K.L.:
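What follows is a structure written as structure tokens; I'll ask about it next.
This one's a predicted model, so the numbers in the text were calculated from it and none came from an experiment. Side chains are part of it too, since the values below use all heavy atoms of this structure and drop only hydrogens, waters and symmetry mates. All ligand and atom numbering here is 1-based and tracks the order in the structure.
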Amino acid sequence: MAKRETQQPWDDEYDVVVAGSGAGAMTGALTAAAGGLRTVVLEKTALLGGTSAYSGAAVWLPGTQVQRRAGIGDSAESARAYLVALLGEAEADRREAFLATAPEVAEFLERDPAVEFEWRAFPDYFPAPGRLDGGRSFVPLDLPAERLGDLAALVRPPVDRDRAGLGHAEGPLSAGRALIGRLLLALTNTGNGTVRTGTALTRLVVEDGRVTGVEAATAGGAVRLRAARGVLLAAGGFEGNAAMRAEHGVPGTAEWSMAPAGANTGDPIRAAAAIGAATGLMDEAWWCPGVALPDGRAAFTLGFHGGLMVDGSGRRFANESLPYDRMGREMTAAPGRVPAHLIFDSRFRGRLPAISLPGRPADEHLDAGTWVRAESLPELAELIGVPAEALAGTVERFNGFAATGVDEDFHRGEDPYDLFFAGRSGDRPNPCLVPVDTPPYYAARVVLSDLGTKGGLRTDPDGRVLDGAGRPIPGLYAAGNTSASFSGRRYPGPGVPIGSAMVFAYRAAQDMAR
Ligand code: FAD
């Protein structure tokens, strides 16, 4: 690490500089500001919230007052059993810090009248001890736009509107927008928080072995900002950076990733690596199947409640109802699975039997060729380039499973998660197995998307960034997808990305305040 830089004047001085404005960044900033520290949030784009604003804002914080209010029998103990079953002891220190702090984070946030949560059913993603079938995650209540006033225009709109260049729709902010809006409101109310959009962290300033500030690019030129207590890097992963993805062997592409265009390109990870920070899990992401969109991008797709998915050989390769990260991993597990195709029939009236964010109408897909339609399965097979006999055999076998209710190949419909999204009507023996037998048939191209990379800076339980020897770099912290996730190569349940970002950003801010 550089010893001491030539002294140059600071443009502005703060106690805490936070790079990024997702849920982790905003929680860290709020914690610091509420503790009396002068805090600035630097956001590279013109809008706050990043991928967090696009999100459903499920927050996986086990054993908090929110689950208690809802009468959910959740606890740190059951969450520990679940995490240990999935992750082993590899990240025991950070796991314990996460479990010990989760209830405190919910309590701290809800102490502010701007922040209110409620438990929302959404099953954990793995059958393992300690799993809660109804899940343990919670979401923010919708936020009336009037409560934010002019600040509402700063919050990134939902993904469908944002990608179309549209602002917020009429009505309250919901899901990720409500979370970012509520944290922004609370931060503003502290009187100690400043937000600077259009300000991208480019470099860390080091003096006598300590990070004492940052350099950032703005439309008006570079600025140097002092951070007397510390810098928190919570600026997403590098999912939007094609070169970094290639360098680290991250499957998928920057175009198929879900982060706002141009936002998460890993600048803070590179800035920290340049001063000796260690990285980990750099080939990892929070995966999902992505329905290919007419504009060349992809849509986060989950909750398949009809159809079946085939690879390039025309065969199924997984339980289509798997939690999205597990399905994404199945897509990378063997060649020939990207693109895959979701085969479905006209019983869904031209709609995809899944939740797709953003969704586009069938005619747009059919015009662009991202979906094809045919009166017969052999015709459909030809249109998507898979062997016709194989596809016919796959569909016939699947329809047999639909008749008996038992998926002998991939056990679809046997897990509470599968059933969570299944259609509720009908008298089928297994609601997840819907026959594909009503022409015309459809095939939707499915690629590998992600909700962000999850490899990045190595951190300790207080979010302190570690150097190559495992020592904390004084004054430097990281959280969210800028850091290597404590959940390793698993996505345990809904809300782990945001929940863990919030906990470690909270702990980082507390450490800075000590
Ligand atoms: P982000 O929220 O993406 O924030 C990063 C911010 O940093 C961006 O605004 C970016 O512009 C800014 N930035 C980047 N570089 C710089 C720089 N150099 N200087 C300053 N600022 C910079 N996860 C959950 O836990 N629960 C859910 O319910 C959930 N639902 C989802 C639904 C959808 C549709 C999608 C797409 C994702 C969902 N996810 C969910 C995943 C989750 O949203 C992300 O993994 C998480 O929000 C990432 O948080 P982050 O703070 O690391 O990054």
Side-chain angles (χ1 to χ4, degrees), residues 17-28 40-61 120 122 135 137-140 154-156 158-160 162-163 175-176 179-180 195-204 214-218 231-241 257-272 285-288 290 298-302 324-325 355-358 449-454 456 478-483 485 487 491-502 504-505:
V17 171
V18 177
S21 63
M26 296 302 284
T27 300
V40 65
V41 171
L42 310 183
E43 167 53 49
K44 171 180 175 177
T45 67
L47 295 169
L48 301 176
T51 321
S52 305
Y54 286 171
S55 80
V59 183
W60 203 86
L61 294 182
R120 173 92 43 92
F122 198 162
S137 56
F138 53 78
V139 294
L154 277 182
V155 179
R156 190 172 285 283
V159 60
D160 53 342
D162 197 39
R163 285 194 184 176
L179 182 59
I180 297 301
V195 170
R196 296 169 75 143
T197 55
T199 307
L201 179 141
T202 51
R203 214 170 72 84
L204 294 163
V214 308
E215 282 183 13
T218 73
V231 173
L232 171 60
L233 304 176
F238 58 90
E239 56 270 22
N241 184 326
S257 182
M258 290 300 297
N264 296 349
T265 50
D267 336 322
I269 297 175
R270 288 201 307 280
W286 311 96
W287 305 111
C288 59
F300 170 27
T301 308
L302 72 165
Y324 45 91
D325 177 72
I355 302 163
S356 179
L357 300 163
S449 182
D450 62 72
L451 308 180
T453 48
K454 66 185 300 200
N481 292 348
T482 305
S483 60
S485 173
S487 70
Y491 192 150
V496 171
I498 286 180
S500 56
M502 290 168 73
F504 290 111

K.L.:
As a check for students: among Ala216, Ala235, Ala234, Ala175, identify the option with a heavy atom nearest to atom 13 (N) of ligand 1.
P.N.:
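Of the listed residues, Ala235 has the closest heavy atom.
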K.L.:
Once you restrict to heavy atoms under 4.0 Å, what part of Ala53 touches ligand 1? Side chain, backbone, both or neither.
P.N.:
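Neither part.
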K.L.:
Is there a donor in the side chain of Ser257 and an acceptor in the side chain of Glu239, or the other way round, less than 3.5 Å apart?
P.N.:
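No.
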K.L.:
Going through the distances and angles, do Thr45 and Thr197 end up as a side chain to side chain contact (heavy atoms under 4.5 Å, CB included)?
P.N.:
CA-CA 6 Å; Thr45 67; Thr197 55; over 6 Å; no
K.L.:
What protein heavy atom sits nearest atom 21 (N) of ligand 1, and how far away is it?
P.N.:
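For atom 21 (N) of ligand 1, the nearest protein heavy atom is Lys44 N, 3.1 Å.
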K.L.:
Go through the steps for Ile269 and Asp267 under the test side chain to side chain contact (heavy atoms under 4.5 Å, CB included), then give the verdict.
P.N.:
CA-CA 5 Å; Ile269 297 175; Asp267 336 322; over 6 Å; no
K.L.:
If you take the nearest heavy atom of each of Ala285, Ser52, Gly266, which one is closest to atom 46 (C) of ligand 1?
P.N.:
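Result: the heavy atom closest to atom 46 (C) of ligand 1 is in Ser52.
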K.L.:
Considering Thr51, Val17, Thr202, Thr45, which one's heavy-atom position lies nearest to atom 3 (O) of ligand 1?
P.N.:
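Looking at heavy atoms only, Thr51 sits closest to atom 3 (O) of ligand 1.
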K.L.:
So if I count the atoms of ligand 1 from 1 in the order they appear, which ones are less than 4.0 Å from some heavy atom of Asp267?
P.N.:
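By the 4.0 Å cutoff, the relevant atoms are 15 (N), 16 (C), 17 (C), 18 (N).
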K.L.:
Which ligand 1 atoms are under 4.0 Å away from a heavy-atom of Gly49?
P.N.:
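Close to Gly49: 2 (O).
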K.L.:
Please report the shortest heavy-atom distance between Ile180 and Ala23, naming the atom on each side.
P.N.:
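Scanning both residues, the minimum pair turns out to be CD1-N, 3.7 Å.
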K.L.:
In terms of atom number and element, which parts of ligand 1 are under 4.0 angstrom from non-hydrogen atoms of Gly22?
P.N.:
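Reading through ligand 1 atom by atom, the close ones are 2 (O), 4 (O), 51 (O).
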K.L.:
Near Phe300, which atoms of ligand 1 are under 4.0 Å from a heavy atom of that residue?
P.N.:
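So the atoms of ligand 1 that pass are 32 (C), 33 (C), 34 (C).
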K.L.:
Go through the steps to decide whether Lys44 and Thr199 satisfy the test side chain to side chain contact (heavy atoms under 4.5 Å, CB included), and finish with yes or no.
P.N.:
CA-CA 5 Å; Lys44 171 180 175 177; Thr199 307; over 6 Å; no
K.L.:
Specify the protein heavy atom at minimum distance from atom 52 (O) of ligand 1: its residue, its atom name, and the distance to 0.1 Å.
P.N.:
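Of the protein heavy atoms, Asn481 N, 2.8 Å lies nearest.
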K.L.:
Which residue supplies the protein heavy atom nearest to atom 25 (O) of ligand 1, what is that atom called, and how far is it?
P.N.:
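Nearest neighbour among protein heavy atoms for atom 25 (O) of ligand 1, to 0.1 Å: Ile498 N, 2.9 Å.
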K.L.:
Is there a heavy atom of Ala200 sitting under 4.0 angstrom from any atom of ligand 1?
P.N.:
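Distance cut 4.0 Å: Ala200 passes for ligand 1.
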K.L.:
Please give me the minimum heavy-atom distance between Leu154 and Ala46, naming the atom from each residue.
P.N.:
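Closest approach of Leu154 to Ala46: CD2-O, 4.1 Å.
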K.L.:
Should you measure from each heavy atom of Ala57, which atoms of ligand 1 turn up under 4.0 Å away?
P.N.:
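Those qualifying, in numeric order: 27 (C), 28 (O).
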K.L.:
Please check if any side-chain donor atom of Arg156 sits under 3.5 Å from a side-chain acceptor atom of Ser52, or the reverse.
P.N.:
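Looking only at side-chain atoms, Ser52 and Arg156 do not form any donor-acceptor pair under 3.5 Å.
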K.L.:
For a quick test of reading the model, state the closest non-hydrogen atom pair linking Leu451 to Thr51 and the distance between them.
P.N.:
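Leu451 and Thr51 have their closest heavy atoms at O-CG2, 3.9 Å.
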K.L.:
Considering non-hydrogen atoms only, spot the tightest contact between Tyr54 and Ala259 and give its length.
P.N.:
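Shortest heavy-atom separation between Tyr54 and Ala259 comes out as CE1-C, 4.1 Å.
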K.L.:
How far apart are the C-alpha atoms of Leu47 and Val155, what are their side-chain angles, what is the distance that settles it, and do they pass the side chain to side chain contact (heavy atoms under 4.5 Å, CB included) test?
P.N.:
CA-CA 6 Å; Leu47 295 169; Val155 179; over 6 Å; no
K.L.:
Counting non-hydrogen protein atoms only, what is the nearest one to atom 37 (C) of ligand 1? Give residue, atom name and distance.
P.N.:
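Going atom by atom, the protein heavy atom closest to atom 37 (C) of ligand 1 ends up being Leu451 CD2, 3.7 Å.
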K.L.:
Just to be sure I'm reading this right: ignoring hydrogens, which of Gly50, Ala58, Gly24, Ala25 gets closest to atom 26 (N) of ligand 1? Compare them by their nearest heavy atoms.
P.N.:
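Result: the heavy atom closest to atom 26 (N) of ligand 1 is in Ala58.
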K.L.:
Counting from 1, what ligand 1 atoms have a heavy atom of Ala263 closer than 4.0 Å?
P.N.:
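Heavy-atom distances to Ala263 below 4.0 Å select 10 (C), 11 (O), 14 (C), 15 (N).
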K.L.:
As an exercise, identify every atom of ligand 1 less than 4.0 angstrom from a heavy atom of Thr199.
P.N.:
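Those atoms are 19 (N), 20 (C).
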K.L.:
At under 4.0 Å between heavy atoms, which part of Met258 makes contact with ligand 1: side chain, backbone, both or neither?
P.N.:
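Met258 to ligand 1: side-chain contact only, backbone stays beyond 4.0 Å.
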K.L.:
Where the side chain of Thr265 meets the backbone of Phe238, is there a donor-acceptor pair that is under 3.5 Å apart?
P.N.:
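Side chain of Thr265 to backbone of Phe238, a donor-acceptor pair under 3.5 Å: no, none is there.
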K.L.:
Could you check atom 30 (N) of ligand 1 against the protein and tell me its nearest heavy-atom contact, residue, atom and distance included?
P.N.:
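For atom 30 (N) of ligand 1, the nearest protein heavy atom comes out as Gly56 N, 3.0 Å.
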K.L.:
Gly480 heavy atoms, cut-off 4.0 Å: which ligand 1 atoms fall inside?
P.N.:
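Once the distances to Gly480 are compared, the set is 52 (O).
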K.L.:
With a sphere of 6.0 Å drawn around CZ of Arg270, does it hold more than 12 non-hydrogen atoms of other residues, nucleotides or ligands?
P.N.:
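Counting other residues, nucleotides and ligands, CZ of Arg270 exceeds 12 neighbours.
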K.L.:
Please determine whether any non-hydrogen atom of Gly236 lies less than 4.0 Å from an atom of ligand 1.
P.N.:
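Yes, Gly236 has a heavy atom closer than 4.0 Å to ligand 1.
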K.L.:
Minimum distance, heavy atoms only, to atom 11 (O) of ligand 1: which one of Arg156, Arg196, Glu43, Arg120 is it?
P.N.:
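That would be Glu43.
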K.L.:
Around atom 19 (N) of ligand 1, find the nearest protein heavy atom and jot down its residue, atom name and distance.
P.N.:
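So the nearest neighbour among protein heavy atoms is Leu201 N, 2.9 Å.
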K.L.:
Taking the side chain as C-beta and beyond, is there a heavy-atom pair between Tyr324 and Thr301 under 4.5 Å?
P.N.:
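With C-beta onward as the side chain, the pair stays apart.
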K.L.:
Of Ser55, Ser21, Ser356, which has the heavy atom at the shortest distance from atom 40 (C) of ligand 1?
P.N.:
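Checking each option, the heavy atom nearest atom 40 (C) of ligand 1 is found in Ser55.
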K.L.:
Would you please say whether a donor-acceptor pair under 3.5 Å links the side chains of Asn481 and Thr453?
P.N.:
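Note: Asn481 and Thr453 side chains miss the donor-acceptor criterion.
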K.L.:
Give me the atom names and distance for the closest heavy-atom approach of Met258 to Ala298.
P.N.:
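Between these two residues, the closest heavy atoms are SD-O, 3.7 Å.
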K.L.:
Looking only at protein heavy atoms, which one is nearest to atom 10 (C) of ligand 1, and how far off is it?
P.N.:
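I find the closest protein heavy atom is Asn264 OD1, 3.2 Å.
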